[in-house]
Amino acid sequence: MHLQFSALSQNESFARVTVAAFITQLDPTMDELTELKTVVSEAVTNCIIHGYENDPNGIVYISVILEEAYIDLTIRDEGRGIMDVEEARQPLFTTKPELERSGMGFTIMENFMDEIEVQSSPDNGTEIRLRKHLIKSKMLSN
């Protein structure tokens, strides 16, 4: 599935619900579904607030690949990019403290997903690749 939409804060819930509806065909547990929705919310919010600085002309891109055993999720923007990815991945780090952001977006993504890869460069945007292995598939392989 490929999805793209304007970088408007109200589109975050659209992205979360759309991805959740798409992945239900793999019959994830409620916990897996909640975790994936949370990850989509965090990543999309980062694109909107940090990547595009709330510029509605920006476009957020999501692609989802479903396999029997896992979900691959890619969320990207073509915005400002991240100067120091390692620093940005530290818990409580935020470049927008005035917005009362918690700085836990990457930490939440890392805790809810099995794999996470962040690629970013200044003025060229950010791409986050995430993978989640489903419990059902883990039980089948045992």
Side-chain angles (χ1 to χ4, degrees), residues 1-138 140-141:
M1 174 186 80
H2 298 284
L3 181 65
Q4 67 183 52
F5 50 88
S6 296
L8 295 164
S9 60
Q10 59 264 37
N11 285 339
E12 174 270 326
S13 60
F14 164 74
R16 181 180 66 237
V17 170
T18 302
V19 171
F22 184 69
I23 65 175
T24 57
Q25 62 190 292
L26 291 182
D27 195 26
T29 66
M30 284 305 291
D31 285 344
E32 289 170 330
L33 193 57
T34 299
E35 290 171 355
L36 285 157
K37 286 167 59 176
T38 300
V39 164
V40 169
S41 291
E42 292 292 335
V44 168
T45 298
N46 281 351
C47 292
I48 293 168
I49 291 175
H50 299 287
Y52 292 119
E53 296 189 312
N54 292 306
D55 178 355
N57 294 313
I59 302 293
V60 178
Y61 303 88
I62 298 178
S63 89
V64 184
I65 297 172
L66 302 180
E67 294 291 337
E68 190 173 319
Y70 61 85
I71 297 163
D72 275 335
L73 178 63
T74 301
I75 301 174
R76 74 177 175 88
D77 65 62
E78 296 169 332
R80 292 187 42 178
I82 301 170
M83 292 295 238
D84 184 338
V85 171
E86 289 310 309
E87 180 182 40
R89 289 179 75 164
Q90 296 304 307
L92 305 177
F93 176 82
T94 182
T95 58
K96 304 271 186 203
E98 70 279 6
L99 298 179
E100 298 181 22
R101 307 295 302 161
S102 70
M104 294 298 289
F106 281 124
T107 302
I108 289 167
M109 289 181 232
E110 289 169 353
N111 285 326
F112 286 167
M113 302 300 284
D114 296 309
E115 298 172 35
I116 177 172
E117 179 184 332
V118 181
Q119 294 181 326
S120 187
S121 61
D123 300 320
N124 288 314
T126 300
E127 179 175 278
I128 302 171
R129 293 184 187 152
L130 306 141
R131 177 172 279 191
K132 176 84 172 169
H133 298 276
L134 300 177
I135 290 172
K136 176 176 63 175
S137 65
K138 292 177 187 174
L140 291 174
S141 65

(message) Can you tell me how far apart OH (Tyr61) and CD1 (Ile75) are? Round to the nearest 0.5 Å.
(response) 14.0 Å

(request) State the CD1-CG distance between Ile71 and Leu36, to the nearest 0.5 angstrom. (result) 4.5 Å

(message) Tell me every residue that passes side-chain contact (heavy atoms from CB on, under 4.5 Å) with Gln10, counting only those two or more places apart in sequence or in another chain.
(response) Leu8

(request) Using the test salt bridge (charged side-chain N to carboxylate O under 4.0 Å, His left out), find all partners of Lys37 that sit at least two apart in sequence or belong to another chain. (result) none

(message) Test of understanding: with side-chain contact (heavy atoms from CB on, under 4.5 Å), list the residues that count as partners of Ala15, not counting sequence neighbours.
(response) Phe5, Val40, Val44, Ile62

(message) I need the full list of salt bridge (charged side-chain N to carboxylate O under 4.0 Å, His left out) pairs touching residues 23-32, with sequence neighbours left out, sorted by first then second residue.
(response) none

(request) List the atom of Asp77, the atom of Gly79, and the distance in Å for their closest heavy-atom pair. (result) OD1-N, 2.8 Å

(message) Give me each pair satisfying salt bridge (charged side-chain N to carboxylate O under 4.0 Å, His left out) with a member in residues 2-12, each pair once, sequence neighbours excluded.
(response) Glu12-Arg16

(request) Output all residues satisfying side-chain hydrogen bond (donor to acceptor under 3.5 Å, both in side chains) with Ser121, sequence neighbours left out; order by chain, then residue number. (result) Asn124

(request) Please name all residues satisfying side-chain contact (heavy atoms from CB on, under 4.5 Å) with Asn111, sequence neighbours left out, ordered by chain then number. (result) Thr107

(message) Within this structure, what is the CG-CE distance for the pair Leu73 and Met113, rounded to the nearest 0.5 Å?
(response) 5.5 Å

(request) Indicate the atoms forming the closest heavy-atom contact of Asp114 with His133, along with that distance. (result) OD2-N, 2.5 Å

(message) Could you check whether any side-chain heavy atom of Met109 comes within less than 4.5 Å of a side-chain heavy atom of Asn46, counting everything from C-beta outward?
(response) yes

(message) Return the CD to CD distance between Glu110 and Glu42, rounded to the nearest 0.5 Å.
(response) 12.0 Å

(request) Could you check if a side-chain atom of Ile128 sits within less than 4.5 angstrom of a side-chain atom of Phe106, using non-hydrogen atoms only? (result) yes

(message) Using only atom types and a distance under 3.5 Å, with no angle test, would you say the side chain of Asp72 pairs donor to acceptor with the backbone of Ile65?
(response) no

(request) Mind checking salt bridge (charged side-chain N to carboxylate O under 4.0 Å, His left out) for Asp55 and listing every partner two or more places apart, or none if nothing turns up? (result) none

(message) If you define the side chain from C-beta out and look only at heavy atoms, does anything of Ile108 sit under 4.5 Å from Thr38?
(response) yes

(request) Go through the structure and list residues passing side-chain contact (heavy atoms from CB on, under 4.5 Å) with Glu127, not counting sequence neighbours. (result) Thr74, Arg76, Gln119, Arg129

(message) On a heavy-atom basis, which atom in Pro56 and which in Ser6 lie closest, and how many Å separate them?
(response) O-CB, 3.5 Å

(request) Give, for atom CE of Met83 and atom CG of Asp123, the distance between the pair rounded to the nearest 0.5 Å. (result) 8.0 Å

(request) Could you tell me whether the side chain of Val19 reaches within less than 4.5 Å of the side chain of Met1, counting heavy atoms only? (result) yes

(request) Give the minimum heavy-atom separation between Gly81 and Thr126, together with the two atoms involved. (result) CA-OG1, 3.6 Å

(message) Would the distance check show the side chain of Tyr52 and the main-chain N or O of Cys47 forming a donor-acceptor pair, the cut-off being under 3.5 Å?
(response) no

